[in-house]
Amino acid sequence: MPPEKLEPNEVGAAFAARRELGPQYELELAESLVDRVNTVIDSRLAEKKGKRPPLDWAQMTLGLGSLALSIPLVAIVSSNVPGTFGLMLVFGVIGVVNLAYVLTRALHNNRD
C-alpha cells in the first residue's frame with residue numbers, strides 16, 4: 001500500500017543523513033527523497049481519479065432532447081406568432097423543464 005503522507009521528520013532525516021554521510025551521497029539521498037515525494041503524489045492522484053463521478057446519461061439525454069425539440073418548436077411558433085414572445089415562451093418552457101430536472105436531481109443526491 002503506497003504511503004498517504006510524507007512526514008516532516010522524513011525530510012529532516014534526509015538532511016541529517018546528508019550531513020553525516022557527506023556530499024558524496026547527496027545525489028542518492030536527493031533521488032530517494034524525490035522518489036518518496038513522487039510516490040505520495042501518485043497515490044493522491046490515483047485516489048482522486050477513483051472519485052470521479054459517473055456520467056449522468058439522463059441529463060445528457062434531456063439536454064440533447066431539449067435542443068432537438070427546440071428547433072421544430074421555434075419554427076412552428078415563429079410561423080404562427082409574430083414577434084419574440086413565442087420564442088421566449090418556447091425557450092422559457094425548455095429552461096424550466098431542464099432546471100426542474102437539475103433541482104430534483106440535486107435534492108435527490110443530497111438525501112443519499
Side-chain angles (χ1 to χ4, degrees):
M1 180 158 76
E4 296 293 325
K5 189 175 179 182
L6 185 64
E7 298 294 330
N9 61 356
E10 293 180 61
V11 177
F15 285 120
R18 189 238 179 243
R19 278 193 297 266
E20 287 180 21
L21 297 174
Q24 64 269 21
Y25 292 103
E26 186 173 313
L27 182 60
E28 289 84 6
L29 289 170
E31 286 177 350
S32 69
L33 186 60
V34 167
D35 288 341
R36 179 88 167 110
V37 169
N38 284 338
T39 303
V40 170
I41 290 172
D42 290 342
S43 69
R44 288 183 184 176
L45 288 175
E47 181 181 316
K48 284 185 179 181
K49 196 175 204 180
K51 291 183 178 179
R52 186 174 173 188
L55 289 176
D56 187 2
W57 289 102
Q59 187 172 5
M60 188 180 298
T61 304
L62 180 65
L64 292 174
S66 297
L67 184 63
L69 283 176
S70 68
I71 295 170
L73 287 175
V74 165
I76 291 169
V77 168
S78 63
S79 67
N80 292 332
V81 179
T84 59
F85 177 73
L87 295 175
M88 291 184 350
L89 181 66
V90 167
F91 288 117
V93 168
I94 290 173
V96 166
V97 168
N98 283 288
L99 185 63
Y101 174 78
V102 168
L103 291 176
T104 56
R105 187 76 169 181
L107 290 174
H108 178 70
N109 286 340
N110 283 343
R111 280 191 253 159
D112 292 339

Holding to side-chain contact (heavy atoms from CB on, under 4.5 Å), I want the full list of residues that pass it with V74, two or more places apart in sequence or in another chain. L87, V90, F91
Test: salt bridge (charged side-chain N to carboxylate O under 4.0 Å, His left out). Region: residues 54-81. Which pairs qualify, not counting sequence neighbours? D56-R105
side-chain hydrogen bond (donor to acceptor under 3.5 Å, both in side chains) contacts in which one or both residues fall within residues 75-94, not counting sequence neighbours: none
Apart from L99 itself, its cluster of hydrophobic side chains linked below 4.5 Å comprises L103
In chain order, what residues pass the side-chain contact (heavy atoms from CB on, under 4.5 Å) check against I41, with sequence neighbours excluded? V37, L45
Residues 61-73 vs side-chain hydrogen bond (donor to acceptor under 3.5 Å, both in side chains), sequence neighbours excluded, gives S66-N98
Suppose we screen for side chain to side chain donor-acceptor pair (under 3.5 Å). Which residues come up paired with D42, at least two apart in sequence or across chains? none
All side-chain contact (heavy atoms from CB on, under 4.5 Å) counterparts of V81, not counting sequence neighbours: V77
